[in-house]
Colleague: 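Following this message is one structure expressed as structure tokens.
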Amino acid sequence: RAVPVIAIDGPSASGKGSVAERVAAQLGWEVLDSGALYRIVALAAVRAGVALDDEAGVAAIAARLPARFDAGRVWLGGDEVSTEIRSEACSSGASQVAALPAVREALLARQRDYRTRPGLVADGRDMGSVVFPDAGLKIFLTASAEARAERRYKQLMAKGLPANMHDLLSDLQERDARDAMRAVAPLQKLPDAVLLDTTDLDIDGAVAFIVDLVRDRG
Ligand code: C5P
């Protein structure tokens, strides 16, 4: 029997990352934060002096990315980049490199390698459509743009990073538009995905909803 996967897709700052982590912890499953991979690729490209629209150059970096995840922390080579990849510069860079088909292709096998027993919770934009189309449960996690900008604001403040509500909201809307409009693996609500709107629902509520669904479906 195939290893079960829960695919959680949705726009930025919808709470996917926190929800995926907690669902995985409750079930004792592996977790994949696919957005972090695109963020690390963007950071590695900038550090290597490769332009973010140089498709072959960025794809070469993605293909041999020395990225490591451990207990919620992230490394690029010997450098811990957990905080840096959450900056607005890396958010924007990630969505630029994510629009390049060769970059997505270069990250595909690596993402699928996370599918190990007893199961995987994967979050991103194309988990249910491209990377794990046979996922047993697909969730489209969303919230209003304002609610999402406010969450990002609080996250950045908590990390001591500079933040401005107005800029956050416009960056978020720009990034959402780029993610939804791109030709490859656009962000979309799939017909077989369950819609979960967290505008008025906290993380615990979203986690409980998903864990209940998994248990109901056996
Ligand atoms: O989820 P997160 O905000 O960390 O993702 C950063 C960027 O990476 C997104 O704006 C999106 O462009 C890209 N991404 C993607 N496909 C995924 C995950 C993230 O294109 N599966």
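Every number for a ligand or one of its atoms is a count from 1 in the order of the listing. Only this structure's heavy atoms are used, side chains among them; waters, hydrogens and symmetry mates stay out.
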Colleague: Identify the two heavy atoms, one from S95 and one from D179, that lie closest to each other, and give their separation to 0.1 Å.
Modeller: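 Smallest heavy-atom distance, with atoms named: CB-OD1, 3.6 Å.
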
Colleague: For a quick test of reading the model, state the closest non-hydrogen atom pair linking R151 to L201 and the distance between them.
Modeller: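 Shortest heavy-atom separation between R151 and L201 comes out as NH2-O, 4.1 Å.
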
Colleague: Applying a heavy-atom cut-off of 4.0 Å, say which part of K16 lies close to ligand 1: side chain, backbone, both or neither.
Modeller: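 For K16, only side-chain atoms sit under 4.0 Å from ligand 1.
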
Colleague: Please give me the minimum heavy-atom distance between V5 and A135, naming the atom from each residue.
Modeller: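 It is O-CB, 3.6 Å.
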
Colleague: Considering only the protein, which heavy-atom contact is closest to atom 19 (C) of ligand 1, and what is its distance?
Modeller: G35 CA, 3.5 Å

Colleague: Would R86 and D33 pass as an ion pair if we require N to O under 4.0 Å?
Modeller: yes

Colleague: With heavy atoms only and a cut-off of under 4.0 Å, state how D126 meets ligand 1: side chain, backbone, both or neither.
Modeller: both

Colleague: Can you name the atoms of ligand 1, numbered from 1 with element, that are less than 4.0 Å from a heavy atom of D179?
Modeller: 9 (C), 10 (O), 11 (C), 12 (O)

Colleague: Looking only at protein heavy atoms, identify the closest one to atom 8 (O) of ligand 1 and say how far it is in Å.
Modeller: Y38 CB, 3.6 Å

Colleague: Please determine whether any non-hydrogen atom of M127 lies less than 4.0 Å from an atom of ligand 1.
Modeller: yes

Colleague: Looking only at distance, does S34 have an N or O less than 3.5 Å from an N or O of ligand 1?
Modeller: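 Yes, S34 has an N/O under 3.5 Å of an N/O on ligand 1.
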
Colleague: Tell me, which protein residue and heavy-atom name are nearest atom 3 (O) of ligand 1, and how many Å apart are they?
Modeller: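 Sorting protein heavy atoms by distance from atom 3 (O) of ligand 1 puts R39 NH2, 3.0 Å first.
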
Colleague: Quick one: closest heavy-atom pair of I61 and V41, and the distance?
Modeller: CG2-O, 4.3 Å

Colleague: Does a side-chain N-to-carboxylate-O contact under 4.0 Å join R152 and D171?
Modeller: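 Here R152 does not pair with D171 in a salt bridge, since their nearest N and O are not under 4.0 Å apart.
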
Colleague: Over all heavy atoms of both residues, which pair between D9 and G128 is shortest? Give the atoms and the distance, please.
Modeller: OD2-N, 2.8 Å

Colleague: Would you mind checking which non-hydrogen protein atom is closest to atom 13 (C) of ligand 1, with the distance to 0.1 Å?
Modeller: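 The closest heavy atom on the protein side is A98 CB, 3.6 Å.
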
Colleague: Decide whether an N or O pair under 3.5 Å exists between D123 and ligand 1.
Modeller: no

Colleague: Does at least one non-hydrogen atom of R182 fall below 4.0 angstrom from an atom of ligand 1?
Modeller: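 True for this residue.
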
Colleague: For atom 1 (O) of ligand 1, which of Q111, R86, R125, R175 has the closest heavy atom?
Modeller: R125

Colleague: Go through ligand 1 atom by atom and flag the ones less than 4.0 Å from a non-hydrogen atom of A94.
Modeller: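 Heavy-atom distances to A94 below 4.0 Å select 6 (C), 7 (C), 8 (O).
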
Colleague: Can you tell me which residue pairs pass the side-chain hydrogen bond (donor to acceptor under 3.5 Å, both in side chains) test with a partner in residues 66-75, sequence neighbours excluded?
Modeller: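 Non-adjacent pairs meeting side-chain hydrogen bond (donor to acceptor under 3.5 Å, both in side chains): R73-E80.
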
Colleague: Is D79 paired with R47 through a side-chain N to carboxylate O contact shorter than 4.0 Å?
Modeller: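 Yes.
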
Colleague: Take every heavy atom of R104, measure it against each atom of ligand 1, and state whether any distance is under 4.0 Å.
Modeller: yes

Colleague: Identify the two heavy atoms, one from L120 and one from F132, that lie closest to each other, and give their separation to 0.1 Å.
Modeller: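 In terms of heavy atoms, the two residues are closest at CD2-CZ, 3.5 Å.
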
Colleague: Using a 4.0 Å cutoff against the non-hydrogen atoms of G124, which atoms of ligand 1 qualify?
Modeller: 17 (C), 18 (C), 21 (N)

